[in-house]
Amino acid sequence: MRTVPPPDPAAHHDFRLLHDMTDLNTELSHYVVRFLDADAGRAEPPTVTYELALADKVAAVAATLRDRAERRHDSGPALRICSAQPE
């Protein structure tokens, strides 16, 4: 019989980081397209408020990534994103 491993808070945070990075990547892509469209005269440029909010999101994800890297440094290179063990 297989046993269910206990909850792993670090794995939860790692998956949350991946989710946040994916969302940020999408938002950055939209920003680049909008910036290029504005440069070509096809759209209004992003507002300063939008750019500041995006910069805050980038900084937050960067801080979380730094925290993970420091946790890996402290735990050794064996720390994995997914904590599930192979069968």
>> Working to the nearest 0.5 angstrom, can you tell me the gap between Met21 CE and Leu65 CG?
In response: 5.0 Å
> Taking all non-hydrogen atoms of both residues, which atom of Leu17 and which atom of Arg68 are closest, and how far apart?
Replying inline: CD2-CD, 3.8 Å
>> I want to check something: taking the side chain as every heavy atom from C-beta on, are Phe35 and Pro45 in contact at a cut-off of under 4.5 Å?
In response: no
> Of all residues at least two apart in sequence or in a different chain, which pass the side-chain hydrogen bond (donor to acceptor under 3.5 Å, both in side chains) check with Tyr50?
Replying inline: none
> Any ion pair linking Arg16 and Asp20 (charged N to carboxylate O, less than 4.0 Å)?
Replying inline: yes
>> Is the shortest side-chain heavy-atom distance between Thr47 and Glu51 below 4.5 Å?
In response: no
> In chain order, what residues pass the side-chain contact (heavy atoms from CB on, under 4.5 Å) check against Leu28, with sequence neighbours excluded?
Replying inline: Leu24, Leu54, Val58
> Salt bridge or not for Arg71 and Asp14, using N-O below 4.0 Å?
Replying inline: yes
>> Within a 6.0 Å radius of atom CD on Glu44, are there more than 12 heavy atoms belonging to other residues, nucleotides or ligands?
In response: no
> Please walk me through it: do Glu27 and Lys57 pass side-chain contact (heavy atoms from CB on, under 4.5 Å)?
Replying inline: CA-CA 10 Å; Glu27 196 163 344; Lys57 288 180 183 181; 3.0 Å; yes
